[in-house]
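The block underneath contains the structure these notes are about, expressed in structure tokens.
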Amino acid sequence: MISDVPGYTWGTVSAMAQAGIRYFSAAPNFFDRIGTFMVEWQDKPFWWISPSGNERVLVWIPWTGYAMSHIMKLETQWVNKYQARLDEIGFPYQISYIRWSGHGDNAEPDPDICEFVKKWNQEYEWPRFSISTTSDAFATFEKQHGHQLPQFKGDLTPYWEDGAGSSALETRMNRGAAERLAQAATLSAILAPQAYNSSDFNVAWRNVLLYSEHTWGAWNSVSDSENPFVTQQWQVKRQFAVDAENESKKLFEKVLDAYASEKNSSNLEVHNTCSWPRTEVIVISKERSLGKDHVKNEHGASVPSQRLSTGELAFLAENVPPLGSASFHLSAAAPHVPAKWVRVLDGVLDNGIVRAKVDSNSGNIVELTSNESARNLVDTSRNEAINQYLFLEGKDTSKVSTSGPVRIAIEEPGPLVAAIRIESPAPGCVDLVRRVRLKASADWIEISNIVNKKRAPLNPHPGQGGTGGDFAQHESKESLQFAFPFAIENGQIHIDVPLAVMRPEDDQLPGSCKNWLPVGRWIDVTNAEYGVTCATLDAPLIEIGSLSATMLGSQTHPEIWRKHIEPTHTFYSWIMSNHWSTNYRAYQDGPVEFRYALRLHGGYEPAAASRFATGMSRPLVASAQGQRSRMGLKLRIDQEDVLVQECKRSADGSAWIVQLFGASGEDRKAGLTWADGRPIKVWRSNLSELPLERIDTQVDVPAWDLITLRIETLNT
């Protein structure tokens with residue numbers, strides 16, 4: 001069951017299937033900020049099909065959502081109204097269901113429902129009422145009518161996720177904590193299984209989930225923002241993100257501490273928690289690398305390195321094996337220069353693979369090309385450019401403003417890492433600092449934007465608080481975006497959402513939100529020949545084609561919401577807003593970093609996009625040298641298009657739990673082996689980690705399917 005929240009990403013079906021959930025009673029808010037969701041889906045039960053097509057969940061949105069008891073009284077007239085409604089819509093089934101939640105939001109249940117049902121059933125032959133669980137009601141309905149229900153496959157794009165932008169710093173922290181926890185579990189499996197404690201990880205995941213839950217705070221958080229009743233609730237909410245971040249970092253360091261044995265040695269190791277080999281630049285702290293600028297790999301060959309302006313040491317770690325490690329040695333010799341340099345001159349960064357030009361007046365990226373083509377992939381035809389800052393106060397998009405005059409400096413000159421720093425004033429901010437970075441041998445550029453947000457001004461008129469106090473409030477409605485206009489003729493946008501890839505408009509079910517869309521790790525814009533993947537590490541919301549996130553405050557009229565998303569090759573990363581009228585924060589201030597990476601490529605390859613963005617979210621990990629546990633995970637998978645989502649020790653300590661995702665959009669057969677040659681036993685499993693079905697080591701992984709495996713190694 002879920003109450004109040006309208007809209008759910010497509011991967012919800014896959015996640016529910018993994019948890020053994022067959023029925024989904026979704027009862028949203030029935031009038032506010034829901035677009036056409038209720039118009040399309042009230043009393044229209046259907047089978048929602050997963051992205052793979054192999055799972056389904058029975059979804060049923062009841063009339064008035066969860067709030068019927070808010071607007072009607074228990075009386076005979078209520079039954080007549082309910083039946084009249086079913087007749088009006090031509091309801092074709094013999095069973096219906098009602099959410100009767102009680103005396104308002106977050107209130108006690110209504111005990112009168114028991115007496116009403118008893119009395120009605122004694123006096124009337126029909127309709128018959130039963131007080132039921134969701135499972136019993138849906139199971140009875142499925143038995144009688146399940147074969148009659150329509151099936152729909154697509155995203156029910158949610159409406160309330162824009163609240164994530166009202167506390168952008170904490171959202172960033174929480175996203176990072178989630179990635180760190182998954183990576184820490186996998187790192188523990190590889191290096192030090194003894195360091196994994198499922199209870200500790202569960203506590204951290206609980207904080208991630210409780211921050212992500214839909215309400216950020218009090219009902220009067222906007223109308224009376226300075227009321228202690230409001231600020232105290234926000235502190236509770238914020239603490240979930242703070243604790244998630246702190247706990248994830250502690251668990252990560254616990255794994256590395258359990259593994260490392262030569263902490264003061266010149267030897268170090270680089271670990272890859274992904275299931276494909278990777279080549280990336282690693283950065284070592286100033287203290288750890290002091291006086292040691294030269295790096296050799298485990299074969300004694302020198303690798304490119306560079307001392308950065310921060311005092312840190314960067315070096316190139318090549319072909320780090322999947323779910324494995326590589327060794328390196330630091331020494332006091334001079335840095336080894338890469339065969340192919342990255343250069344920066346007059347605002348142009350170029351490594352022979354990618355070339356990016358930063359405009360000297362605006363600081364925006366106005367040219368982006370690859371060595372395979374001189375074609376500029378930046379669309380400047382609408383006076384926009386990549387990474388352009390946009391500030392909108394209110395909802396009149398003709399009044400959008402951008403950042404001011406820039407000061408540009410070269411922070412890193414190459415030859416391994418080149419970086420430009422762009423400082424400027426910006427409306428809504430104390431200041432704005434953008435960085436563009438390019439590394440030798442990389443086919444992507446990296447962007448870091450630090451927005452030092454200025455607090456919105458106080459309204460001089462006091463608000464009336466829920467506790468009776470009079471407090472000033474922040475009322476200015478504002479939003480902040482970064483533009484990504486691409487010049488990709490006939491380009492199609494694909495969006496990574498949890499356990500699925502979605503095309504705006506084409507893969508959205510009726511009633512979906514189209515003013516803004518949530519994104520997991522990446523957005524891709526591609527035609528048949530070329531394209532760009534944008535990894536977004538910190539900001540989970542985008543607008544497609546235009547600044548369409550202009551729904552301020554309450555919105556009760558379905559007709560005013562966006563109905564269609566026209567073909568486009570432009571999107572906007574929607575990083576901050578205070579558009580809501582309740583629950584979420586009324587303002588935010590202080591510095592927040594938003595990171596992106598843009599990878600140029602040929603035709604559309606969703607698995608390549610996922611590998612790229614996952615690698616950005618879960619970078620290679622450097623540690624002191626240690627002794628890898630004989631019991632450590634040594635899994636190898638022979639299909640790079642089948643991505644490991646996470647590996648961990650089972651809670652009972654006797655097996656490995658491995659989740660595989662078919663990221664290519666094509667069915668695959670993935671061969672599993674153990675690196676030391678030991679035989680393994682494989683079971684299909686689920687979120688309960690049970691051995692459900694013994695299967696072969698050649699595992700079928702359908703397109704867009706999530707497969708959970710339980711693996712045991714056999715001693716020989």
Side-chain angles (χ1 to χ4, degrees), residues 180 182-197 248-308 310-336 338 416-417 439 615 618-636 644 647-649 656 674-678 713:
R180 196 177 297 112
Q183 190 174 23
T186 302
L187 194 65
S188 173
I190 297 169
L191 302 179
Q194 73 277 10
Y196 181 80
N197 183 299
S248 66
K249 289 180 177 179
K250 288 178 182 177
L251 290 169
F252 201 93
E253 290 302 319
K254 180 182 177 181
V255 173
L256 295 181
D257 287 344
Y259 172 72
S261 58
E262 300 181 21
K263 297 185 178 180
N264 296 318
S265 166
S266 294
N267 298 317
L268 56 83
E269 295 184 0
V270 173
H271 313 289
N272 178 9
T273 57
C274 294
S275 53
W276 57 93
R278 294 163 65 187
T279 296
E280 293 171 16
V281 171
I282 291 290
V283 176
I284 307 299
S285 71
K286 178 181 178 180
E287 295 74 19
R288 179 77 174 80
S289 62
L290 189 63
K292 300 172 183 178
D293 288 351
H294 191 88
V295 183
K296 289 185 177 182
N297 63 22
E298 56 198 65
H299 305 294
S302 298
V303 301
S305 61
Q306 177 183 331
R307 183 66 61 177
L308 302 179
T310 58
E312 299 165 301
L313 179 69
F315 72 89
L316 186 66
E318 295 183 280
N319 294 317
V320 182
L323 300 173
S325 307
S327 299
F328 296 88
H329 178 77
L330 306 183
S331 70
H336 180 68
L416 182 62
V417 179
K439 299 168 181 174
R618 301 179 185 180
L620 296 175
V621 179
S623 80
Q625 194 171 47
Q627 185 64 43
R628 190 168 180 175
S629 169
R630 182 180 178 276
M631 300 303 295
L633 181 136
K634 298 177 176 64
L635 182 67
R636 296 294 181 266
V644 169
C647 302
K648 64 179 180 179
R649 197 68 174 157
W656 303 101
W674 217 248
D676 62 7
R678 275 185 291 171
T713 55

Rounded to the nearest 0.5 Å, what's the gap from CG on Leu620 to CD on Gln183? Could you check?
8.5 Å
Donor-acceptor pair, distance only, cut-off 3.5 Å: does the side chain of [X] make one with the backbone of [Y]?
X: Arg628; Y: Ile190; result: yes
X: Ser629; Y: Ala192; result: no
X: Arg636; Y: Pro322; result: yes
X: Arg618; Y: Thr273; result: no

Test item: [X] and [Y] side chains (from C-beta on) under 4.5 Å apart, heavy atoms:
X: Leu256; Y: Val621; value: yes
X: Asn267; Y: Ser327; value: no
X: Ile282; Y: Glu280; value: no
X: Leu191; Y: His271; value: yes
X: Val417; Y: Val283; value: no
X: Lys439; Y: Leu416; value: no
X: Leu187; Y: Tyr259; value: no
X: Arg307; Y: Ser289; value: yes

Does atom NZ of Lys254 have more than 12 heavy-atom neighbours, drawn from other residues, nucleotides or ligands, at distances under 6.0 Å?
yes
Crowded around Glu298 CD? As in, over 12 foreign heavy atoms under 6.0 Å?
yes
Give me the atom names and distance for the closest heavy-atom approach of [X] to [Y].
X: Leu323; Y: Ser275; value: CG-CA, 4.2 Å
X: Leu330; Y: Leu268; value: CD1-CD2, 3.7 Å
X: Tyr196; Y: Ala185; value: CE1-CB, 4.1 Å
X: Asn272; Y: Pro277; value: ND2-CA, 4.1 Å
X: Ala184; Y: Val255; value: O-CG2, 3.9 Å

Between Ser302 and His294, is a side-chain contact (heavy atoms from CB on, under 4.5 Å) present by the stated rule, with each step listed?
CA-CA 8 Å; Ser302 298; His294 191 88; 2.8 Å; yes
Residues Ser261 and Gln627: side-chain donor-acceptor under 3.5 angstrom
no
Only one of Arg288, His329, Lys292 passes side-chain hydrogen bond (donor to acceptor under 3.5 Å, both in side chains) with Ser266, and that residue is Lys292
Parallel, tilted or perpendicular, judged at 30° and 60°: which one describes the rings of Trp674 and Trp656?
tilted
Hey, what's the ring geometry for Phe328 with Phe315, parallel, tilted or perpendicular (30° and 60° as the breaks)?
tilted
